[in-house]
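Reading through the structure tokens given below for one structure.
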Amino acid sequence: MLNLDTVRNTPRRVKEALRAKGIGSPDLVDTLLEIDETRRSTITELQDLQARQNELSQQIGTLKREGKDEEAEAIIEKTGRMKAEIKRLKDEAQTVEDRQEKLVLQLPNIPHPSVPVGADEDDNEVEETVGEPPTFDFDPAPHWDLIARHNLADLERGAKVTGSGFPFYLGKGARLQRALLNFFLDRARERGYTEMQPPLFVNPDSAEGTGQLPDKDDLMYEVPGDDFYPIPTAEVPVTNFHRDEIFAADDLPQQYCTYSPCWRREAGSYGSDVRGLNRLHQFDKVELVRIVHPDASYRALDALLEDAESALDALDLPYRRLLMCTGDMGFTQAKVYDLEVWSAAQERWLEVSSVSNFEAFQARRMQIRYRPEPEASPELVHTLNGSGLAFPRVVAALLENNQRPDGTIELPEVLHPYTGFARIGTNE
RNA sequence: GGAGGGGUGACCGAGUGGUCGAAGGUGCUCGCCUGGAAAGCGAGUGUGCCGUUUCCACGGUACCGAGGGUUCGAAUCCCUCCCCCUCCGCCA
């Protein structure tokens, strides 16, 4: 959510953000400002009337205590008329406030000046490519073939039991998932994150707090009968952990890491892009969240990026870092990097991490604040998060990039203590 | 799921219709005291919104789990919902 002052003082900037992100119509800003005028004049009128009523009510109290009931009655007569008017103005103010709130929620975050302006994913900037894509003197198999060959996962039975995009993992495939969980969490903890296990369902307030609602409604599944959403990312419960709280300045930053399954409806996706583990409705992820002092948030973004990249370095997977352009970044973000891993058989890049600074956008919705000084007024914190990392595509890359001519797969050494095996396709 | 109890400021806790944004205590901030510290003493210390203002600030209004209602007036009375605690039941 944007600060209303920002909209009032720099409407051009907000319109520019709408255009750059390709979200909504710039007219929204003018409508909002008009409503804001109405809202304020209504509130002023209402509060003036309430002030008079309070004054009279106080007089009535004094008179009654003094036993001057007749004088009190006279004033009560007078006040009676105000009552209806106050009620009317209250309702009106409420209506206008609700409308305004709805509009404000439709305004996306303003991109940081360093973000390239662009229309879509073609305008993202490749900042760096790390590692060498492996070369093969045989035809490398795509991961779905490797999975079938070694019985690492079963998507068909997943489709039978639940639906497409809900895989079973089996044998070394399942053990690899478990290994990644511990591997990623251990690394995150060593890098200063507090480990957390969050609820996997959230209520609408939380979904709105981090920005999944109202704008990305078709992203999430819903639980009928209970007002819950299965989380599309652990970002939601973890960041909302501190909703409506005020930190002492010393308590910042807060850093959490968490493992969770994630559920995404991914409405409308199909085709070869979604084959195998490329895109699932349920997947596992380790998420990193930072809640920081506003002055520190871009340093924190760099650090978070480094945390995510170091995991790819450790796994010896080739990857590239993209700085997302305005048109391809999300509603809530001020600046986003995507990390994409090289998938050797598919010969394409797969997104395994998205690292974002939301600045105060989420914090304003969630009212997460800090006090700069012990007696000072609270200010909004900045929130950030990044995947560290999403499992299925890491698995896809590990399988494809590390396959041998005999069809076996050799896992990177750092994982051996976690997996308990070094190779897939043999007994090792 | 059943029965009972309860949700008040950073925390504890008083307050059952009027002068209550809310006693008292703790914590915190500043000052006094001290060689320094502790103890003492004094002052201050919630948030949102609207308005006035050159800063400092000031005025108004709302908020005592949430929403609605009664009333000239609600933390206090009524209704609905949510959450927490205790006991019982069920259960990984």
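Sequence lines set the chain letters: A, B, ... in the order given, protein chains first and strands last, and positions in each chain run from 1.
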Measure [atom1]/[X] against [atom2]/[N] and give the value in whole Å, please.
X	N	atom1	atom2	result
I246(A)	C11(B)	CD1	P	10 Å
D205(A)	A66(B)	CG	C1'	10 Å
E73(A)	U71(B)	CD	P	14 Å

Original post:
Using atom C1' of each nucleotide, how far apart are C11(B) and C78(B) to the nearest Å?
Top reply: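 So the two C1' atoms sit 32 Å from each other.
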**OP:** Using the C1' atom as the reference point in each nucleotide, state the distance between C33(B) and A22(B) in Å, no decimals.
**Re:**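 Between the two C1' atoms, the distance is 33 Å.
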Original post:
For G40(B), does the glycosidic angle fall within 90° of 0 (syn) or outside that (anti)?
Top reply: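 That one's syn.
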For [Y], does its backbone N or O pair with a side-chain atom of [X] as donor and acceptor, under 3.5 Å?
X	Y	result
S356(A)	F358(A)	no
E85(A)	M82(A)	no
E359(A)	H382(A)	no

In a table with atom names and distances, give each donor-acceptor pair under 3.5 Å that connects a side chain of residues 161-172 of chain A to protein atoms at least two apart or in another chain.
residue, atom, partner, partner atom, Å
K172(A), NZ, R423(A), O, 2.8
K172(A), NZ, T426(A), O, 2.8
K172(A), NZ, E428(A), O, 3.1

Original post:
Heavy-atom count around D313(A) CG within 6.0 Å, excluding the residue itself: above 12?
Top reply: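 Yes, the 6.0 Å shell around CG holds more than 12 heavy atoms from other groups.
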Subject >> Atom CZ of R8(A): over 12 foreign heavy atoms under 6.0 Å >> reply: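 For R8(A), atom CZ is crowded (more than 12 foreign heavy atoms under 6.0 Å).
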Original post:
Has R40(A) got a side-chain N or O lying under 4.0 Å from the OP1 or OP2 atom of G51(B)?
Top reply: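 Affirmative; the distance criterion is met.
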Original post:
Quick one: is G18(B) close enough that its OP1 or OP2 comes under 4.0 Å of any side-chain N or O from K64(A)?
Top reply: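 No, because none of the side-chain N or O atoms of K64(A) sits under 4.0 Å from OP1 or OP2 of G18(B).
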**OP:** Report the residues that fulfil salt bridge (charged side-chain N to carboxylate O under 4.0 Å, His left out) with E97(A), sequence neighbours left out, ordered by chain and then residue number.
**Re:**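 So E97(A) forms no salt bridge (charged side-chain N to carboxylate O under 4.0 Å, His left out) with any residue.
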**OP:** Name all residues meeting the salt bridge (charged side-chain N to carboxylate O under 4.0 Å, His left out) criterion together with R191(A); count only those two or more places apart in sequence or in a different chain, and write none if there are none.
**Re:**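 Applying salt bridge (charged side-chain N to carboxylate O under 4.0 Å, His left out) to R191(A) gives E306(A), D307(A).
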Extract all donor-acceptor atom pairs below 3.5 Å that involve side chains of residues 53-63 of chain A and protein atoms in other chains or at least two apart in sequence.
residue, atom, partner, partner atom, Å
N54(A), ND2, Q50(A), O, 3.4
S57(A), OG, Q53(A), O, 3.1
T62(A), OG1, Q58(A), O, 2.9

Subject >> Pair listing, side-chain hydrogen bond (donor to acceptor under 3.5 Å, both in side chains) test, anchored in residues 384-397 of chain A, at least two apart >> reply: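 side-chain hydrogen bond (donor to acceptor under 3.5 Å, both in side chains) check on residues 384-397 of chain A returns E235(A)-N385(A).
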**OP:** Under the side-chain hydrogen bond (donor to acceptor under 3.5 Å, both in side chains) rule, collect the residues that match up with D284(A), sequence neighbours excluded.
**Re:**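 Residues passing side-chain hydrogen bond (donor to acceptor under 3.5 Å, both in side chains) with D284(A): Q177(A), Y259(A).
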Original post:
Can you name the residues that form a side-chain hydrogen bond (donor to acceptor under 3.5 Å, both in side chains) with H293(A), not counting sequence neighbours?
Top reply: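 Partners of H293(A) by the side-chain hydrogen bond (donor to acceptor under 3.5 Å, both in side chains) criterion, ordered by chain and then number, come out as Y370(A).
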Original post:
Taking the side chain of I60(A) as heavy atoms from C-beta outward, which of G51(B), C72(B), U47(B) is closest to it?
Top reply: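 In terms of side-chain proximity for I60(A), the closest of G51(B), C72(B), U47(B) is C72(B).
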Subject >> Out of U47(B), C49(B), C72(B), whichever nucleotide has its closest atom nearest the side chain of R369(A) >> reply: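 Per side-chain heavy atoms of R369(A), the pick is U47(B).
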**OP:** Determine the contact category for S57(A): base if any of its heavy atoms lies under 4.0 Å from a base atom, sugar-phosphate if only primed atoms, P, OP1 or OP2 are that close, otherwise nothing.
**Re:**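 Answer is base: heavy atoms of S57(A) come under 4.0 Å of a base.
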**OP:** Compute whether any side-chain donor of one residue and acceptor of the other, for E287(A) and T258(A), lie under 3.5 angstrom apart.
**Re:**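 No.
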All N/O pairs under 3.5 Å across the protein-nucleotides 26-29 of chain B interface:
residue, atom, partner, partner atom, Å
U29(B), O4', E375(A), OE2, 3.2

If you restrict it to nitrogen or oxygen atoms, what contacts under 3.5 Å exist between nucleotides 20-23 of chain B and the protein, and what is each distance?
none

Distance-only donor-acceptor pairs under 3.5 Å for side chains of residues 199-211 of chain A, two or more places apart:
residue, atom, partner, partner atom, Å
N203(A), OD1, D205(A), N, 3.3
N203(A), OD1, S206(A), N, 3.0
N203(A), OD1, S206(A), OG, 3.2
S206(A), OG, R243(A), NH2, 2.8
T210(A), OG1, S206(A), O, 3.2
T210(A), OG1, Q212(A), OE1, 2.7

Can you give me the N/O atom pairs linking the protein to nucleotides 60-64 of chain B at distances under 3.5 Å, or say none if there are none?
residue, atom, partner, partner atom, Å
G60(B), N2, Q47(A), OE1, 2.6
G60(B), N2, Q47(A), NE2, 3.2
U61(B), OP1, N54(A), ND2, 3.1
U61(B), O3', Q50(A), OE1, 3.4
U61(B), O2', Q50(A), OE1, 3.1

**OP:** For RNA chain B, just give me the dot-bracket, please: Watson-Crick or G-U, both distances below 3.5 Å, ( ) intra-strand, [ ] crossing earlier pairs, | paired with another strand, . unpaired.
**Re:** ((((((((.[[[..)..(.....]]](((((.........)))))(((((((....))))))).[[[[[..)....]]]]])))))))....
